[in-house]
Amino acid sequence: MNTNKYGQPVGFPLSDWQPAPFPTRTPISGHHCNLLPLEISHCDDLLEAFSRAPDDRDWTWLGAGRPNCLQEMQLWVENKINDPGLVAWAVAEINSGLAVGVVCFSNIDVVNGALEIGHVTWSPKMQRTAMGTEAIFLLLKKAFSLGYRRVAWRCDSLNLASRNAAERLGFTFEGRFRQAMTRKQRNRDTDWLSIIDIEWPIVESSLSGWLSPGNFKASGEQKRKLKSFRSNQ
């Protein structure tokens, strides 16, 4: 335990710590998807991708409703692009280059080296593919390479799919903030999860192994589950 001159317990020293840089809107390449700075030009692709869902259940716990026309999609995208607190990307298919989802850095705290991965909005085109996992992996890799110490994930406590997805990726559940928000005229309790810098090497190794091209058949089916890579760490 670290103590100060009064014998009081204090946090471990960070003698070389410097604020982290604000993330830039630059493309990030992967094996299964690419992350492209979100632009209005992605609206047609996103509208088509999201319209493939038979209903709006994927938007139940999101702040906005599903855009149902090009004008609504353009407004939804503009709000993310113009928000100074967000760095927004479109998730693009490798082969077609079409935008099929959106994800952002949010609540970026450069002084303390902490940020969130949020506004995660996947279309049906991303279901049962490795794109969702790789999109988050690419953002984790970017954040920690910039020197961030903590990457957080938060979700509605009732959104079990989101929490399960985060834990599968390697995020650790931290706790629940009761009545943290109101959303769509409903109460929201918020669950918080995170990965910190000392955990990242093991998480990175597991995700890199699972996402490697050799772990997928020509059909796109995985050969080994992600948990099998983590169990070897």
Side-chain angles (χ1 to χ4, degrees), residues 23-38 42 45-46 49-50 52 58 87-106 115-155 159-173 193-233:
T24 56
R25 279 170 35 93
T26 54
I28 310 174
S29 299
H31 296 299
H32 305 275
C33 69
N34 293 320
L35 299 185
L36 306 176
L38 184 63
H42 294 128
D45 292 349
L46 292 171
F50 291 135
R52 294 196 174 206
D58 292 337
V87 181
W89 282 272
V91 182
E93 292 179 329
I94 285 287
N95 294 328
S96 69
L98 297 175
V100 293
V102 171
V103 65
C104 302
F105 279 149
S106 61
L115 53 70
E116 293 179 34
I117 294 177
H119 298 250
V120 179
T121 316
W122 298 159
S123 76
K125 285 188 173 183
M126 296 182 65
Q127 293 171 1
R128 294 180 296 280
T129 74
M131 286 191 287
T133 297
E134 186 170 61
I136 302 302
F137 168 70
L138 293 173
L139 290 189
L140 286 167
K141 192 172 183 178
K142 182 177 180 71
F144 287 115
S145 70
L146 290 173
Y148 282 82
R149 305 175 60 236
R150 165 186 168 85
V151 178
W153 180 291
R154 58 175 169 152
C155 60
N159 188 354
L160 298 182
S162 180
R163 176 170 167 180
N164 290 340
E167 292 181 326
R168 172 183 171 273
L169 290 164
F171 285 81
T172 296
F173 176 67
L193 305 95
S194 72
I195 298 172
I196 58 176
D197 51 3
I198 60 172
E199 299 166 339
W200 172 236
I202 291 179
V203 173
E204 180 182 23
S205 177
S206 301
L207 290 172
S208 295
W210 186 80
L211 288 164
S212 65
N215 188 46
F216 291 86
K217 301 176 183 178
S219 62
E221 182 184 356
Q222 65 179 351
K223 296 178 181 178
R224 293 171 54 190
K225 294 184 177 180
L226 177 55
K227 65 181 181 182
S228 72
F229 288 91
R230 187 164 296 121
S231 63
N232 293 332
Q233 302 298 320

Taking C-beta and beyond as the side chain, do [X] and [Y] meet within less than 4.5 Å on heavy atoms?
X	Y	value
F171	L140	yes
F50	T121	yes
V91	W122	yes
L207	L226	yes
R163	W153	no
L193	T172	no
F137	V203	no
T129	E93	no

Applying side-chain contact (heavy atoms from CB on, under 4.5 Å), name anything that partners [X], two or more places apart in sequence or on another chain.
X	value
A90	L38, H42, A99
P124	R52, A53, Q127
I94	N34

Hey, could you give me the [atom1]/[atom2] distance between [X] and [Y], rounded to the nearest 0.5 Å?
X	Y	atom1	atom2	answer
I117	S194	CD1	OG	11.5 Å
F229	R224	CZ	CZ	4.0 Å
K142	L35	NZ	CG	9.5 Å
I198	R150	CD1	CZ	12.5 Å
I136	M131	CD1	CE	13.0 Å
S106	L115	OG	CG	8.0 Å

>> Below 30° counts as parallel, above 60° as perpendicular, anything between as tilted: where do the rings of F105 and W89 land?
In response: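 Rings of F105 and W89: perpendicular, as their planes differ by over 60°.
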> Listed by chain and number, what are the ring-ring contact (aromatic ring centres under 6.0 Å, His included) partners of Y148, not counting sequence neighbours?
Replying inline: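 Not a single residue meets the ring-ring contact (aromatic ring centres under 6.0 Å, His included) criterion with Y148.
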> How would you list, by chain and number, every residue that makes a ring-ring contact (aromatic ring centres under 6.0 Å, His included) with H32, sequence neighbours excluded?
Replying inline: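 Listed in chain order: F216.
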Kindly say whether [Y] contributes a backbone atom to a donor-acceptor pair with the side chain of [X] at under 3.5 angstrom?
X	Y	answer
S228	K225	yes
R230	I202	no
E199	I196	yes
S123	K125	yes
S208	S205	no
K141	E204	no

> Which atom names give the shortest non-hydrogen contact between A92 and L36, and what distance separates them?
Replying inline: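 Looks like CB-CD1, 3.8 Å.
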> Of all heavy-atom pairs between R168 and T133, which one has the smallest distance, and what is that distance?
Replying inline: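 For R168 versus T133, the nearest heavy atoms are NH1-OG1, 2.9 Å.
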>> Does anything in residues 209-219 form a side chain to side chain donor-acceptor pair (under 3.5 Å)? List the pairs, not counting sequence neighbours.
In response: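 Residue pairs with at least one partner in residues 209-219: W210-Q222.
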